[in-house]
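Pasting in a structure now, in structure tokens, and then I'll have a few things to ask.
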Amino acid sequence: MLAEAEAEAQPDAEAEPDGSEAGTAPEPEAEPGDGRFTVRLANFEGPFDLLLQLISKHKMDVTEVALSKVTDEFMAHIRGMGPDWDLDQTTEFLVVAATLLDLKAARLLPVAEVEDEADLALLEARDLLFARLLQYRAYKRIADIFSERLDTEARRYPRTVGLEAHLAELLPDVVISIGAEGFAKLAVKAMQPRAKPQVYVDHIHAPLVSVREQAEIVVARLREAGETSFRVLAEDAPDTLTVVARFLALLELFREKAVVLDQDEALGELMVRWSGGEGDGVPTVTDEFDRVVTEEKA
Amino acid sequence: MSEGLREELELKPALEAVLMVVDEPATEEHLAKVLERPRRAVADALRELADEYTVQGRGFELRLVAGGWRFYSRAAYADAVEGFVLDGQHARLTQAALETLAVVAYRQPVSRSRVSAVRGVNCDGVMRTLLQRGLVDEAGTEPETGAILYRTTNYFLERMGLRGLDELPELAPFLPEADAIEAETLEGVPSFDPDAPDAPETHADDKTEM
Amino acid sequence: MSEGLREELELKPALEAVLMVVDEPATEEHLAKVLERPRRAVADALRELADEYTVQGRGFELRLVAGGWRFYSRAAYADAVEGFVLDGQHARLTQAALETLAVVAYRQPVSRSRVSAVRGVNCDGVMRTLLQRGLVDEAGTEPETGAILYRTTNYFLERMGLRGLDELPELAPFLPEADAIEAETLEGVPSFDPDAPDAPETHADDKTEM
């Protein structure tokens, strides 16, 4: 298939993360792997970047890409590199993979005919995601050009030879026009301590929301109200994660037959009625959704 | 300056003599003013000199970078120069810094949050590095949000060996479906000067097919 | 230096490259050693170059002064060079020079490496300018390191319109409020930045200012 043909034309496609996989030995004269990440899927094999290119040229459908497999491969690749793993490559992978995931999610959502504004907005969101991905890749390539130019330029040294004494004497008197106060401000600016490098991880780990705790809130409210809509139940949620947790709690309660759910039409109002009786006991809500996600086999 | 200067001195050697003592790139205007010659004549003479050095295979070159002229050692002799000049070697920028720099270069003036939006990750730390290295500086604030705007500096041009921002490579060829992208991205980024010594188009093409 | 250098590079352009950018006159011994050529060959090449420049009527010349070779402006064009040096543009200091001067003023006596560490950029070239302009001078050496220390001069006070250093304004009122610093710091560096300086001494070499 096309993807493989292109992959073969690309030397990087032969890069072996750890050389442990049989059957894909590089050709004898091929250069040793340069540590670049290579994706191996049922319908694609080659560098990550090529995969993106194919998707961007509509030669591959993003919905047909097994992202979990791509992720597993990447993790294996990083492990294979041992202590030499590359932060830049990892970051880039995360950026692109997250965008792909967004894209895939958008594609998988049901789209009938474009009838109302919501559908249009969905399509627009999808195009925007796509545009963002392409734009990011464009800048990434520009960054490569910058890097090359900076390297080339670093090999040219400018002449910055001081003036000979007899010429230096001719220099006009220095004029310092910023005044004593301006001078002090400049000193403060120049001497301002530079921040130490720190790793902030707030943006990686969203604060955890426990489904169990949210279930207790949902149960308490339903006992009081008897019947209400999910909209009302989630009204005061401080963030999306809490809304999701309350929804998952509802699913658990439904499984325990503690609630009855009713929705007249797709995407319509979801009505929730308490059916768990008057007792004090809270129906069993497992910690299924609270568990730390352990690595899954591909 | 005396009437005599203009009469007696040949322009080209006079320019060579002056450029021996310049510490930072000298603009054609400044040189024209000091030597009392028309800017056009000065500009022509400088280009002729630069060509002569190249034709004669000199170990130095005369280049127009960041709006000014000055002498540089030729890149081919960098190893020899580095035997003498210990400092002035530049630490390489990380991929993140290069990408941020690329976005600032094409979108300037631009806020940190806009750069982050393009790159999909927070760029605050990287922007700080670029500020510290003098490659970008602040350029006022965005009227609506009050966010600080950033632009590239003359030092950036010097490090890149560019005469000006209009020499940046065109972004469009890197966008497979240019029409799908917001039009503003494509504005104001004319291509590299094809007459430039090391036609960057070739780099560009190398990178297009991955 | 590599075996390749000696083989591949022509001697004359290599000498031109080195001499165009070295700060101090270079001796034939030093040039011969770094370029891995016999001193005799180096001496001959330098004389040939000097002759070429004279024959071609260049505005620069290569001269042996006090045992070292260096490019100079040719005496015939002294008027042009002086006109350039006298130009009013040289009355003003660059931003980099002003900042360095400010650091020296408030931290004196201080070594160049300390100033570079504080400013985050190499300040050797700028310090040379300040010495040349008579705004700073040497004030002994640091006992532990032997590094030369610098201080501001009376000429500096005169140009600033101050009677003494004690008239320099206190820095405290200009310091940002403590909490402002903290907020700015937190907001400023949320992402991991492998470029950030961990050892300012090394980082200071990343960028050389003129």
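All figures in this text were calculated on a predicted structure; none of them were measured in a lab. Each chain gets a letter, A, B and so on, in the order its sequence line appears, and its residues count up from 1.
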- Item | Residue B:Ala76 versus chain C: region with a heavy atom under 4.5 Å | backbone

- Task: Tell me, for B:Leu49 versus chain C, whether the close heavy atoms (under 4.5 Å) come from the side chain, the backbone, both or neither.
- Result: side chain

- Message: Does this structure show an ion pair linking B:Arg40 with B:Asp44, if we count only N-O contacts that are shorter than 4.0 Å?
- Response: yes

- Among B:Ser73, B:Gly57, B:Ala17, the residue with the most heavy-atom pairs under 4.5 Å to chain C is B:Ala17

- Could you give all pairs that pass the salt bridge (charged side-chain N to carboxylate O under 4.0 Å, His left out) test and reach residues 89-112 of chain C, with sequence neighbours left out? A:Lys189-C:Glu99, C:Glu99-C:Arg119, C:Arg112-C:Asp124

- Message: With a 4.5 angstrom heavy-atom cut-off, is it the side chain or the backbone of C:Arg70 that approaches chain B, or both, or neither?
- Response: neither

- Of C:Arg58, C:Lys33, C:Arg74, the largest count of non-hydrogen pairs under 4.5 angstrom with chain B goes to C:Arg58

- Message: Which label fits B:Phe60 and C:Phe71: parallel for a plane angle under 30°, tilted from 30 to 60°, or perpendicular past 60°?
- Response: perpendicular

- Message: Using side-chain heavy atoms (C-beta onward) and a distance below 4.5 Å, is C:Leu64 in contact with C:Arg47?
- Response: yes

- Would you call B:Lys12-B:Glu52 a salt bridge at under 4.0 Å N-O? yes

- Contact origin within C:Val81 toward chain B - heavy atom pairs under 4.5 Å: both

